[in-house]
Amino acid sequence: MTTVAVLADPPREGLVLSELAAATPLSKAEAVELYTAMLRDVCRAVEASGGDLLVNYRADDDLPAYDGESSEAQLRAAVAPALESPGEARYEVQVGSSFSARAGNTVSHLLDQEQVTSAAVVEPTAAFLTRGIVDNAAMKLRRHEVVLGPAGDGRVYYAGFADGIDFEDAYDPPAVETLTDRGVAADHSVDFLPMTPVVESRGDLVTAITQTAARAEAGRNHPGHTAQCLAELGVDVIAGADGPELVRE
């Protein structure tokens with residue numbers, strides 16, 4: 001069984017998806033709504049799989065000053081409505097000065113201290129993560145020490161490990177190549193999952209809107225919370241003179 005850590009930030013304006021808000025019709029508040037919806041879909045996919053859900057959150061001391069609920073309290077409130085058994089999800093503080101360090105510390109702790117069979121790091125913006133993908137990754141981790149889920153622009157939405165690697169700057173872009181290099185350098189076998197979008201940029205949002213709409217229309221599996229949020233936000237994709245354009249309905 002794989003322990004799957006979702007490395008999440010509390011849903012706060014200016015902290016999550018701020019670049020997306022700057023490049024699209026979404027406001028900072030709407031970007032927070034979308035982030036929360038995607039986080040819910042990701043955590044539900046992990047819970048529905050054979051893995052153990054671990055929500056890793058950044059300590060308040062490591063975040064900009066905020067006059068409100070704690071990081072943990074905000075994430076618990078955000079995730080709970082999506083889970084069938086909210087009380088079984090684990091919440092733990094991330095330790096490290098960068099994403100690479102936090103991911104590495106989490107994986108190393110799980111493998112070395114908790115002695116789990118395998119551990120994985122998942123992006124909270126990987127809205128299209130499914131139970132099947134998580135279970136497929138767990139099967140691959142029985143035969144390979146490193147399993148990566150590629151996303152657009154050289155990013156990864158999933159990084160699983162049955163043994164450790166050198167995590168220093170391991171997520172430097174393009175992360176899929178850097179992580180692969182580290183796995184090979186450690187004499188590990190590396191395998192890959194199907195490419196799946198993360199939603200962090202304007203182009204990602206275009207992909208998310210079109211894919212959720214197409215999948216919903218075809219009656220196929222789609223991220224429910226994310227699809228509902230996108231519909232409520234009223235942002236659509238149309239054909240523009242220079243390519244796809246994001247517009248308000």
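Along the sequence shown, residues are numbered consecutively beginning with 1.
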Check: [X] side chain, [Y] main-chain N or O, donor-acceptor pair, under 3.5 Å:
X      : Y      : value
Ser18  : Leu15  : no
Ser49  : Gly51  : yes
Arg182 : Gly164 : no
Glu177 : Gly154 : no
Glu145 : Ser189 : yes
Thr178 : Asp172 : yes
Thr196 : Phe128 : no

Between Asp204 and Ser201, do the side chains contain an N or O donor and an N or O acceptor separated by less than 3.5 Å?
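Note: Asp204 and Ser201 side chains meet the donor-acceptor criterion.
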Does one hydrophobic cluster hold both [X] and [Y], with members joined at side-chain heavy-atom distances below 4.5 Å?
X      : Y      : value
Val4   : Leu75  : yes
Val134 : Val122 : yes
Leu7   : Tyr57  : no
Phe161 : Val176 : yes
Tyr157 : Leu148 : no

Pairing of Glu123 and Arg155 as salt bridge, 4.0 angstrom limit:
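No.
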Just wondering, do [Y] and [X] contact through their side chains at under 4.5 Å, heavy atoms?
X      : Y      : answer
Val147 : Leu193 : yes
Val116 : Asp52  : no
Val121 : Asn56  : no
Arg102 : Val95  : no
Val237 : Leu246 : yes
Leu26  : Leu17  : no
Val16  : Leu39  : no
Ile133 : Tyr158 : no

So for atom [atom1], which belongs to [X], do other residues, nucleotides or ligands contribute more than 12 heavy atoms lying within a distance under 6.0 Å?
X      : atom1 : answer
Glu88  : CD    : no
Glu245 : CD    : yes
Glu168 : CD    : no

Would you mind writing out the side-chain donor-acceptor pairs for residues 215-227 within the sub-3.5 Å range, not counting sequence neighbours?
unit_1 : atom_1 : unit_2 : atom_2 : d
Arg215 : NH2    : Gln211 : OE1    : 2.9
His222 : ND1    : Arg220 : O      : 3.0
Thr226 : OG1    : Asp41  : OD2    : 2.7

Kindly give the heavy-atom pair with the smallest separation between [X] and [Y], and that separation in Å.
X      : Y      : value
Gly96  : Ala101 : CA-CB, 4.0 Å
Pro124 : Val42  : O-CG2, 3.6 Å
Ser118 : Leu111 : CA-CD2, 4.0 Å
Val146 : Gly183 : CG2-CA, 4.2 Å
Leu129 : Ala45  : O-CB, 3.5 Å
Pro150 : Phe192 : CG-CD2, 4.3 Å

Gap between atom [atom2] of [Y] and atom [atom1] of [X] - 0.5 Å precision:
X      : Y      : atom1 : atom2 : answer
Asp236 : Leu230 : CG    : CG    : 10.0 Å
Leu63  : Arg58  : CG    : CZ    : 5.0 Å
Glu33  : Gln228 : CD    : CD    : 11.0 Å
Asp166 : Asp181 : CG    : CG    : 11.5 Å
Ile165 : Asp187 : CD1   : CG    : 13.0 Å
Glu30  : Cys229 : CD    : SG    : 8.5 Å

Salt bridge (Lys or Arg N to Asp or Glu O under 4.0 Å) between Arg44 and Glu84, intermediate numbers included
CA-CA 8 Å; Arg44 175 57 191 143; Glu84 290 191 355; 3.0 Å; yes
Go through the steps for Leu205 and Leu34 under the test side chain to side chain contact (heavy atoms under 4.5 Å, CB included), then give the verdict.
CA-CA 10 Å; Leu205 183 59; Leu34 179 59; 4.0 Å; yes
What's the verdict on side chain to side chain contact (heavy atoms under 4.5 Å, CB included) for Ile209 and Val235, showing C-alpha distance, side-chain angles and the deciding distance?
CA-CA 8 Å; Ile209 292 171; Val235 180; 3.8 Å; yes
Glu114 vs Thr3, test: side chain to side chain contact (heavy atoms under 4.5 Å, CB included). Steps then yes/no.
CA-CA 10 Å; Glu114 298 192 15; Thr3 298; 5.5 Å; no
Stepwise, does the salt bridge (Lys or Arg N to Asp or Glu O under 4.0 Å) test hold for Arg12 with Asp60?
CA-CA 12 Å; Arg12 299 175 184 172; Asp60 290 288; 3.0 Å; yes
Test: side-chain hydrogen bond (donor to acceptor under 3.5 Å, both in side chains). Region: residues 134-143. Which pairs qualify, not counting sequence neighbours?
Lys140-Asp191
For residues 81-105, pull every pair meeting ring-ring contact (aromatic ring centres under 6.0 Å, His included), keeping only residues two or more places apart or in separate chains.
Phe99-Tyr171
Chi angles and distances behind the side chain to side chain contact (heavy atoms under 4.5 Å, CB included) call for Met38, Val199
CA-CA 9 Å; Met38 294 190 294; Val199 184; 3.4 Å; yes
